[in-house]
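Since the structure comes first, as C-alpha coordinates, the remarks are kept for the end.
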Amino acid sequence: MKIHFLCRKDVRRMIMTLFVVFLFAPVSAWAHVESGQAGGFFSGLSHPVSGLDHVLAMVAVGLWGAQLGRPAIWLLPVAFPMMMAFGGMLGLMGIPVPGIEIGIAVSGIVLGALILGETKMPMIGALIVVAFFAIFHGHAHGTELEAGQNAMLYSMGFVICTGTLHAIGIGMGLVHRWKFGRLALRGAGSVVMAGGLYFLWGALS
Amino acid sequence: MKMIHASILPTLALLVLSPQAALAHLVTSGLGPFYDGALHLAISPDDLLGLVAVTLLAGLCGARAGRLTVFSLSLSWFIAGLVGLNLPVTIDLPWLSILSFLVLGVLVAINPKMHPKVVASLAGLFGLIHGLFNGSALAAIGAGPLALTGIVVTVLVIALLISAFVVSLHAAWTRIAVRVAGSWVAAVGMLMFGWLVRGTG
(Lines give C-alpha, C1' and ligand atoms only; values in the text may rest on other atoms or scores of the structure.)
Protein backbone atom coordinates (compact mmCIF):
# COMPACT_ATOMS: atom_id res chain seq x y z
CA MET A 1 0.00 0.00 0.00
CA LYS A 2 1.49 3.31 -1.02
CA ILE A 3 0.33 6.58 0.43
CA HIS A 4 1.10 9.97 -1.05
CA PHE A 5 1.29 12.71 1.54
CA LEU A 6 4.05 15.01 0.60
CA CYS A 7 2.83 16.39 -2.65
CA ARG A 8 1.82 20.07 -2.31
CA LYS A 9 -1.35 19.42 -4.28
CA ASP A 10 -2.38 16.70 -1.84
CA VAL A 11 -1.68 18.90 1.17
CA ARG A 12 -3.90 21.59 -0.32
CA ARG A 13 -6.59 18.99 -0.97
CA MET A 14 -6.33 17.76 2.62
CA ILE A 15 -6.78 21.26 3.99
CA MET A 16 -9.75 21.85 1.73
CA THR A 17 -11.34 18.56 2.75
CA LEU A 18 -10.89 19.28 6.44
CA PHE A 19 -12.33 22.74 5.97
CA VAL A 20 -15.39 21.42 4.16
CA VAL A 21 -15.96 18.64 6.71
CA PHE A 22 -15.66 21.08 9.62
CA LEU A 23 -17.99 23.47 7.89
CA PHE A 24 -20.72 20.93 7.28
CA ALA A 25 -20.28 18.67 10.32
CA PRO A 26 -23.56 18.69 12.23
CA VAL A 27 -23.32 19.86 15.79
CA SER A 28 -25.92 20.03 18.48
CA ALA A 29 -27.27 23.43 19.40
CA TRP A 30 -27.11 23.67 23.17
CA ALA A 31 -28.42 27.21 23.35
CA HIS A 32 -31.62 26.32 25.10
CA VAL A 33 -32.76 25.89 28.64
CA GLU A 34 -34.24 22.45 29.25
CA SER A 35 -37.55 23.63 30.54
CA GLY A 36 -39.72 21.01 28.85
CA GLN A 37 -38.55 17.97 30.78
CA ALA A 38 -40.42 18.51 34.03
CA GLY A 39 -43.10 20.33 32.07
CA GLY A 40 -43.87 17.04 30.28
CA PHE A 41 -44.90 15.46 33.58
CA PHE A 42 -47.21 18.31 34.56
CA SER A 43 -48.60 18.48 31.05
CA GLY A 44 -49.45 14.77 31.20
CA LEU A 45 -50.82 15.18 34.70
CA SER A 46 -53.12 18.03 33.76
CA HIS A 47 -54.21 16.67 30.37
CA PRO A 48 -56.89 14.16 31.51
CA VAL A 49 -58.58 16.75 33.72
CA SER A 50 -58.66 19.30 30.92
CA GLY A 51 -61.50 17.48 29.15
CA LEU A 52 -64.78 16.82 30.96
CA ASP A 53 -65.58 13.88 28.67
CA HIS A 54 -62.44 12.12 29.87
CA VAL A 55 -63.03 13.01 33.52
CA LEU A 56 -66.62 11.69 33.45
CA ALA A 57 -65.59 8.34 32.00
CA MET A 58 -62.63 7.89 34.38
CA VAL A 59 -64.73 8.65 37.45
CA ALA A 60 -67.56 6.48 36.09
CA VAL A 61 -65.23 3.48 35.84
CA GLY A 62 -64.38 3.91 39.52
CA LEU A 63 -68.04 4.37 40.46
CA TRP A 64 -69.12 1.26 38.58
CA GLY A 65 -66.26 -0.74 40.04
CA ALA A 66 -67.30 0.30 43.54
CA GLN A 67 -70.90 -0.59 42.74
CA LEU A 68 -69.95 -4.05 41.46
CA GLY A 69 -67.71 -4.75 44.47
CA ARG A 70 -64.77 -7.13 44.52
CA PRO A 71 -62.93 -7.96 42.33
CA ALA A 72 -64.31 -5.36 39.89
CA ILE A 73 -63.48 -2.52 42.27
CA TRP A 74 -59.81 -2.97 41.47
CA LEU A 75 -59.86 -4.98 38.24
CA LEU A 76 -61.64 -2.30 36.23
CA PRO A 77 -59.24 0.50 37.27
CA VAL A 78 -56.33 -1.81 36.42
CA ALA A 79 -57.75 -2.72 33.01
CA PHE A 80 -58.70 0.81 31.98
CA PRO A 81 -55.25 2.49 32.10
CA MET A 82 -53.62 -0.49 30.38
CA MET A 83 -56.13 -0.55 27.54
CA MET A 84 -56.10 3.23 27.37
CA ALA A 85 -52.33 3.08 26.93
CA PHE A 86 -52.85 0.45 24.24
CA GLY A 87 -55.21 2.87 22.48
CA GLY A 88 -52.61 5.60 22.85
CA MET A 89 -50.00 3.30 21.37
CA LEU A 90 -52.25 2.65 18.35
CA GLY A 91 -52.67 6.39 17.90
CA LEU A 92 -48.95 7.02 18.11
CA MET A 93 -48.28 4.27 15.59
CA GLY A 94 -50.68 5.96 13.21
CA ILE A 95 -53.26 3.16 13.35
CA PRO A 96 -56.66 4.86 13.01
CA VAL A 97 -59.65 4.04 15.18
CA PRO A 98 -62.94 5.20 13.62
CA GLY A 99 -65.41 7.39 15.48
CA ILE A 100 -63.14 8.45 18.32
CA GLU A 101 -65.26 11.34 19.60
CA ILE A 102 -68.45 9.33 19.27
CA GLY A 103 -66.83 6.41 21.10
CA ILE A 104 -65.79 8.71 23.96
CA ALA A 105 -69.28 10.18 24.23
CA VAL A 106 -70.93 6.74 24.08
CA SER A 107 -68.59 5.56 26.85
CA GLY A 108 -70.19 8.16 29.13
CA ILE A 109 -73.69 7.08 28.10
CA VAL A 110 -73.04 3.36 28.53
CA LEU A 111 -71.10 3.62 31.80
CA GLY A 112 -73.67 6.08 33.15
CA ALA A 113 -76.52 3.74 32.17
CA LEU A 114 -74.79 0.77 33.80
CA ILE A 115 -74.38 2.74 37.05
CA LEU A 116 -77.93 4.09 36.86
CA GLY A 117 -79.37 0.62 36.36
CA GLU A 118 -76.97 -0.84 39.00
CA THR A 119 -76.24 -3.46 36.37
CA LYS A 120 -74.51 -6.62 37.47
CA MET A 121 -72.71 -8.54 34.79
CA PRO A 122 -70.03 -11.24 34.65
CA MET A 123 -66.54 -9.94 35.38
CA ILE A 124 -65.31 -10.70 31.89
CA GLY A 125 -68.21 -8.72 30.39
CA ALA A 126 -67.46 -5.71 32.59
CA LEU A 127 -63.79 -5.90 31.62
CA ILE A 128 -64.63 -6.02 27.92
CA VAL A 129 -66.93 -2.97 28.20
CA VAL A 130 -64.30 -0.93 30.05
CA ALA A 131 -61.40 -2.08 27.87
CA PHE A 132 -63.33 -1.29 24.68
CA PHE A 133 -64.04 2.31 25.66
CA ALA A 134 -60.56 2.82 27.12
CA ILE A 135 -59.10 2.43 23.63
CA PHE A 136 -61.03 5.49 22.40
CA HIS A 137 -59.89 7.61 25.33
CA GLY A 138 -56.26 6.55 24.92
CA HIS A 139 -56.30 7.10 21.19
CA ALA A 140 -57.70 10.61 21.60
CA HIS A 141 -55.81 11.88 24.60
CA GLY A 142 -52.61 9.86 24.96
CA THR A 143 -50.87 11.31 21.95
CA GLU A 144 -51.10 15.03 22.60
CA LEU A 145 -47.53 15.76 23.66
CA GLU A 146 -46.42 19.36 23.32
CA ALA A 147 -43.23 19.96 21.36
CA GLY A 148 -40.01 19.76 23.34
CA GLN A 149 -41.48 17.88 26.27
CA ASN A 150 -40.34 14.55 27.61
CA ALA A 151 -42.57 11.72 26.31
CA MET A 152 -41.77 9.44 29.24
CA LEU A 153 -42.69 12.03 31.85
CA TYR A 154 -45.81 13.02 29.90
CA SER A 155 -46.92 9.38 29.79
CA MET A 156 -46.26 8.96 33.51
CA GLY A 157 -48.26 12.08 34.36
CA PHE A 158 -51.08 11.02 32.05
CA VAL A 159 -51.37 7.53 33.53
CA ILE A 160 -51.06 8.72 37.14
CA CYS A 161 -53.81 11.31 36.65
CA THR A 162 -56.10 8.77 34.98
CA GLY A 163 -55.54 6.32 37.86
CA THR A 164 -56.21 9.08 40.37
CA LEU A 165 -59.54 9.86 38.69
CA HIS A 166 -60.47 6.18 39.01
CA ALA A 167 -59.50 6.33 42.68
CA ILE A 168 -61.75 9.38 43.16
CA GLY A 169 -64.59 7.43 41.53
CA ILE A 170 -63.95 4.46 43.80
CA GLY A 171 -63.81 6.76 46.83
CA MET A 172 -67.16 8.30 45.89
CA GLY A 173 -68.57 4.87 45.08
CA LEU A 174 -67.90 3.59 48.59
CA VAL A 175 -71.16 5.23 49.66
CA HIS A 176 -72.73 2.16 48.05
CA ARG A 177 -72.68 0.40 51.42
CA TRP A 178 -75.51 2.65 52.66
CA LYS A 179 -79.04 2.72 51.29
CA PHE A 180 -79.01 6.46 50.56
CA GLY A 181 -75.54 5.97 49.04
CA ARG A 182 -76.86 3.42 46.56
CA LEU A 183 -79.47 5.93 45.46
CA ALA A 184 -76.90 8.71 45.25
CA LEU A 185 -74.66 6.48 43.16
CA ARG A 186 -77.45 5.76 40.72
CA GLY A 187 -78.11 9.49 40.59
CA ALA A 188 -74.44 10.03 39.75
CA GLY A 189 -74.85 7.49 36.97
CA SER A 190 -77.64 9.56 35.49
CA VAL A 191 -75.38 12.64 35.58
CA VAL A 192 -72.63 10.73 33.74
CA MET A 193 -75.18 9.50 31.21
CA ALA A 194 -76.49 13.04 30.63
CA GLY A 195 -72.93 14.24 30.16
CA GLY A 196 -72.34 11.48 27.61
CA LEU A 197 -75.47 12.49 25.71
CA TYR A 198 -74.30 16.10 25.67
CA PHE A 199 -70.90 15.08 24.28
CA LEU A 200 -72.56 12.80 21.73
CA TRP A 201 -74.68 15.73 20.57
CA GLY A 202 -71.50 17.75 20.17
CA ALA A 203 -69.72 14.95 18.31
CA LEU A 204 -72.58 14.43 15.86
CA SER A 205 -73.40 18.08 15.18
CA MET B 1 -0.03 -1.26 -5.43
CA LYS B 2 -3.19 0.42 -4.51
CA MET B 3 -3.00 4.14 -3.94
CA ILE B 4 -5.01 5.73 -1.22
CA HIS B 5 -6.03 9.24 -1.95
CA ALA B 6 -4.52 11.60 0.58
CA SER B 7 -7.78 13.39 1.27
CA ILE B 8 -9.55 10.24 2.44
CA LEU B 9 -7.35 9.71 5.49
CA PRO B 10 -7.93 13.04 7.23
CA THR B 11 -11.64 12.77 6.46
CA LEU B 12 -11.82 9.33 8.00
CA ALA B 13 -9.72 10.39 10.95
CA LEU B 14 -11.93 13.39 11.52
CA LEU B 15 -15.12 11.36 11.36
CA VAL B 16 -13.78 8.73 13.74
CA LEU B 17 -12.08 11.03 16.20
CA SER B 18 -14.37 14.05 16.14
CA PRO B 19 -16.16 14.46 19.47
CA GLN B 20 -19.87 13.75 19.35
CA ALA B 21 -22.36 15.01 21.86
CA ALA B 22 -22.69 12.35 24.52
CA LEU B 23 -26.41 12.12 25.14
CA ALA B 24 -25.86 10.10 28.27
CA HIS B 25 -26.71 12.29 31.19
CA LEU B 26 -25.21 12.53 34.61
CA VAL B 27 -26.47 15.27 36.85
CA THR B 28 -23.70 17.35 38.38
CA SER B 29 -24.24 17.45 42.10
CA GLY B 30 -21.07 19.40 42.86
CA LEU B 31 -20.20 16.72 45.40
CA GLY B 32 -18.13 14.48 43.17
CA PRO B 33 -18.71 11.53 40.84
CA PHE B 34 -20.16 9.20 43.49
CA TYR B 35 -23.01 11.58 44.25
CA ASP B 36 -23.40 12.44 40.56
CA GLY B 37 -24.02 8.73 40.02
CA ALA B 38 -26.30 8.51 43.05
CA LEU B 39 -28.52 11.20 41.57
CA HIS B 40 -28.62 9.54 38.15
CA LEU B 41 -31.83 7.63 38.83
CA ALA B 42 -33.61 10.85 39.71
CA ILE B 43 -33.36 11.96 36.09
CA SER B 44 -33.70 8.55 34.43
CA PRO B 45 -37.37 7.57 34.67
CA ASP B 46 -36.89 4.52 32.44
CA ASP B 47 -34.31 3.09 34.85
CA LEU B 48 -36.40 4.09 37.82
CA LEU B 49 -39.70 2.66 36.55
CA GLY B 50 -38.17 -0.74 35.91
CA LEU B 51 -36.40 -0.69 39.24
CA VAL B 52 -39.64 0.13 41.04
CA ALA B 53 -41.51 -2.57 39.10
CA VAL B 54 -38.98 -5.33 39.77
CA THR B 55 -38.80 -4.52 43.48
CA LEU B 56 -42.60 -4.34 43.76
CA LEU B 57 -42.72 -7.79 42.15
CA ALA B 58 -40.09 -9.09 44.56
CA GLY B 59 -42.00 -7.68 47.51
CA LEU B 60 -45.25 -9.28 46.34
CA CYS B 61 -43.50 -12.65 46.03
CA GLY B 62 -42.35 -12.62 49.64
CA ALA B 63 -39.37 -11.94 51.89
CA ARG B 64 -37.05 -14.50 50.31
CA ALA B 65 -37.70 -13.17 46.81
CA GLY B 66 -37.05 -9.68 48.14
CA ARG B 67 -33.74 -10.64 49.72
CA LEU B 68 -32.53 -12.50 46.63
CA THR B 69 -33.66 -9.67 44.35
CA VAL B 70 -31.82 -6.96 46.27
CA PHE B 71 -28.66 -9.03 46.01
CA SER B 72 -28.95 -10.17 42.38
CA LEU B 73 -30.16 -6.81 41.06
CA SER B 74 -27.36 -4.75 42.63
CA LEU B 75 -24.62 -7.25 41.82
CA SER B 76 -25.63 -7.74 38.18
CA TRP B 77 -26.07 -3.96 37.72
CA PHE B 78 -22.54 -3.39 39.06
CA ILE B 79 -20.86 -6.17 37.07
CA ALA B 80 -22.61 -5.21 33.82
CA GLY B 81 -21.78 -1.58 34.54
CA LEU B 82 -18.09 -2.42 34.84
CA VAL B 83 -18.27 -4.30 31.53
CA GLY B 84 -20.05 -1.32 29.96
CA LEU B 85 -17.40 1.07 31.23
CA ASN B 86 -14.82 -0.81 29.19
CA LEU B 87 -16.84 -1.01 26.00
CA PRO B 88 -15.66 1.13 23.10
CA VAL B 89 -19.22 1.94 22.03
CA THR B 90 -22.28 3.34 23.77
CA ILE B 91 -25.09 0.83 23.95
CA ASP B 92 -28.45 2.52 23.70
CA LEU B 93 -31.43 0.31 22.96
CA PRO B 94 -34.49 2.24 24.13
CA TRP B 95 -36.91 -0.48 23.00
CA LEU B 96 -35.18 -2.99 25.28
CA SER B 97 -35.28 -0.57 28.17
CA ILE B 98 -39.01 0.04 27.62
CA LEU B 99 -39.74 -3.66 27.08
CA SER B 100 -38.02 -4.52 30.36
CA PHE B 101 -40.22 -2.28 32.50
CA LEU B 102 -43.34 -3.05 30.45
CA VAL B 103 -42.98 -6.79 31.11
CA LEU B 104 -42.18 -6.22 34.77
CA GLY B 105 -45.20 -3.90 35.12
CA VAL B 106 -47.50 -6.53 33.61
CA LEU B 107 -46.07 -9.15 35.98
CA VAL B 108 -46.74 -6.91 38.99
CA ALA B 109 -50.29 -6.24 37.76
CA ILE B 110 -51.18 -9.91 37.26
CA ASN B 111 -49.12 -11.02 40.28
CA PRO B 112 -48.45 -14.63 39.25
CA LYS B 113 -47.10 -17.13 41.75
CA MET B 114 -43.37 -17.08 41.07
CA HIS B 115 -40.51 -18.90 42.72
CA PRO B 116 -38.13 -16.50 44.51
CA LYS B 117 -35.25 -17.67 42.34
CA VAL B 118 -37.20 -16.85 39.18
CA VAL B 119 -37.92 -13.35 40.49
CA ALA B 120 -34.26 -12.91 41.41
CA SER B 121 -33.23 -14.10 37.93
CA LEU B 122 -35.55 -11.58 36.30
CA ALA B 123 -34.11 -8.86 38.53
CA GLY B 124 -30.62 -9.99 37.61
CA LEU B 125 -31.45 -9.81 33.92
CA PHE B 126 -32.92 -6.33 34.38
CA GLY B 127 -29.79 -5.30 36.29
CA LEU B 128 -27.56 -6.67 33.53
CA ILE B 129 -29.38 -4.73 30.81
CA HIS B 130 -29.48 -1.41 32.64
CA GLY B 131 -26.02 -1.83 34.14
CA LEU B 132 -24.61 -2.31 30.66
CA PHE B 133 -26.47 0.75 29.36
CA ASN B 134 -25.33 2.84 32.33
CA GLY B 135 -21.73 1.66 32.15
CA SER B 136 -21.33 2.36 28.44
CA ALA B 137 -23.05 5.74 28.84
CA LEU B 138 -20.75 6.65 31.71
CA ALA B 139 -17.73 5.68 29.61
CA ALA B 140 -18.99 7.95 26.83
CA ILE B 141 -19.01 10.98 29.12
CA GLY B 142 -15.71 10.09 30.77
CA ALA B 143 -17.18 9.09 34.13
CA GLY B 144 -15.58 6.20 35.97
CA PRO B 145 -16.34 3.38 38.40
CA LEU B 146 -17.04 5.82 41.22
CA ALA B 147 -20.09 7.20 39.41
CA LEU B 148 -21.20 3.62 38.69
CA THR B 149 -20.82 2.79 42.39
CA GLY B 150 -23.05 5.77 43.19
CA ILE B 151 -25.71 4.43 40.82
CA VAL B 152 -25.52 0.89 42.20
CA VAL B 153 -25.66 2.00 45.85
CA THR B 154 -28.80 4.01 45.03
CA VAL B 155 -30.27 0.96 43.25
CA LEU B 156 -29.48 -1.14 46.33
CA VAL B 157 -31.09 1.32 48.73
CA ILE B 158 -34.23 1.80 46.59
CA ALA B 159 -34.59 -1.96 46.03
CA LEU B 160 -34.15 -2.63 49.74
CA LEU B 161 -36.67 -0.01 50.82
CA ILE B 162 -39.38 -0.84 48.27
CA SER B 163 -39.20 -4.62 48.52
CA ALA B 164 -39.11 -4.49 52.34
CA PHE B 165 -42.07 -2.12 52.35
CA VAL B 166 -44.14 -4.33 50.03
CA VAL B 167 -43.26 -7.48 51.99
CA SER B 168 -44.61 -5.77 55.11
CA LEU B 169 -48.00 -5.12 53.48
CA HIS B 170 -50.67 -7.59 54.54
CA ALA B 171 -54.02 -5.86 54.08
CA ALA B 172 -55.64 -6.95 50.82
CA TRP B 173 -56.21 -3.42 49.56
CA THR B 174 -52.55 -2.47 50.03
CA ARG B 175 -51.41 -5.37 47.88
CA ILE B 176 -54.02 -4.41 45.29
CA ALA B 177 -52.60 -0.86 45.34
CA VAL B 178 -49.19 -2.35 44.52
CA ARG B 179 -50.68 -4.26 41.59
CA VAL B 180 -52.41 -1.10 40.37
CA ALA B 181 -49.00 0.64 40.47
CA GLY B 182 -47.67 -2.20 38.31
CA SER B 183 -50.45 -1.67 35.78
CA TRP B 184 -49.49 2.01 35.61
CA VAL B 185 -45.88 1.07 34.87
CA ALA B 186 -47.10 -1.26 32.11
CA ALA B 187 -49.36 1.47 30.72
CA VAL B 188 -46.43 3.92 30.58
CA GLY B 189 -44.42 1.21 28.80
CA MET B 190 -47.09 0.78 26.13
CA LEU B 191 -47.32 4.51 25.54
CA MET B 192 -43.53 4.69 25.33
CA PHE B 193 -43.50 2.02 22.62
CA GLY B 194 -45.89 4.24 20.68
CA TRP B 195 -43.66 7.28 21.17
CA LEU B 196 -40.68 5.21 20.09
CA VAL B 197 -42.38 4.18 16.85
CA ARG B 198 -43.39 7.76 16.25
CA GLY B 199 -39.82 8.91 16.93
CA THR B 200 -40.43 11.05 19.97
CA GLY B 201 -39.60 8.67 22.79
Side-chain angles (χ1 to χ4, degrees), chain A residues 1-7 9-11 13-18 20-22 25 27-28 30 37 41 44 70-71 73-75 77-95 138 142-143 145 147 149-156 158-160 162-163 166-167, chain B residues 1-15 18-23 25 43-49 52 94 97-98 101-102 105-106 108-111 172-173 175-201:
Chain A
M1 199 157 58
K2 190 178 178 184
I3 304 171
H4 280 282
F5 270 120
L6 299 176
C7 166
K9 192 179 167 188
D10 283 346
V11 170
R13 194 171 290 156
M14 272 173 60
I15 292 168
M16 281 305 292
T17 310
L18 280 172
V20 170
V21 171
F22 267 122
V27 288
S28 303
W30 296 113
Q37 301 294 313
F41 180 73
R70 285 185 188 174
I73 194 168
W74 65 270
L75 262 182
V78 164
F80 195 97
M82 289 180 77
M83 288 311 289
M84 186 194 67
F86 178 71
M89 189 173 76
L90 293 181
L92 288 163
M93 287 174 166
I95 300 168
T143 61
L145 178 75
Q149 295 192 332
N150 186 301
M152 171 74 87
L153 293 175
Y154 175 86
S155 304
M156 285 170 68
F158 185 75
V159 171
I160 287 170
T162 301
H166 291 323
Chain B
M1 284 255 190
K2 193 178 175 184
M3 298 263 294
I4 295 180
H5 202 282
S7 65
I8 292 174
L9 279 179
T11 309
L12 276 177
L14 192 75
L15 288 175
S18 64
Q20 295 295 309
L23 295 175
H25 44 266
I43 54 162
S44 305
D46 49 342
D47 283 2
L48 193 61
L49 274 182
V52 168
S97 179
I98 293 166
F101 72 75
L102 169 59
V106 170
V108 174
I110 60 176
N111 190 23
W173 73 268
R175 295 180 72 82
I176 287 169
V178 171
R179 294 173 67 177
V180 170
S183 76
W184 291 5
V185 172
V188 172
M190 273 189 263
L191 281 173
M192 283 312 297
F193 258 120
W195 291 117
L196 201 64
V197 171
R198 194 189 235 199
T200 320

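In what follows, every chain begins at residue 1, and chains take the letters A, B, ... in the order their sequences are listed.
Rounded to the nearest 0.5 angstrom, A:Met156 CE and B:Leu191 CG are separated by 12.0 Å. A distance of 8.5 Å separates CE in A:Met89 from CG in B:Leu102, rounded to the nearest 0.5 Å. Atoms CG and CE, from A:Leu92 and B:Met190 in turn, are 12.5 Å apart once rounded to the nearest 0.5 Å. To the nearest 0.5 angstrom, A:Arg70 atom CZ is 5.5 Å from B:Ile176 atom CD1.
A heavy-atom distance below 4.5 Å is not found between the side chains of B:Val180 and A:Pro77.
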Yes or no on side-chain contact (heavy atoms from CB on, under 4.5 Å) for A:Met152 and B:Leu49, after CA distance, side-chain angles and deciding distance?
CA-CA 10 Å; A:Met152 171 74 87; B:Leu49 274 182; 3.9 Å; yes
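When all heavy atoms of B:Ala109 and A:Met82 are compared, the closest pair comes out as CB-SD, 4.5 Å. Contact detail for B:Trp184 and A:Gly163: the closest heavy-atom pair is CZ2-CA, 3.3 Å. Here the shortest heavy-atom pairing between B:Ala187 and A:Pro81 reads CB-O, 3.6 Å.
Atom CZ of A:Phe86 is surrounded by 12 or fewer heavy atoms from other residues, nucleotides or ligands within 6.0 Å.
Residue A:Ile160 touches chain B through both its backbone and its side chain, counting heavy-atom pairs closer than 4.5 Å.
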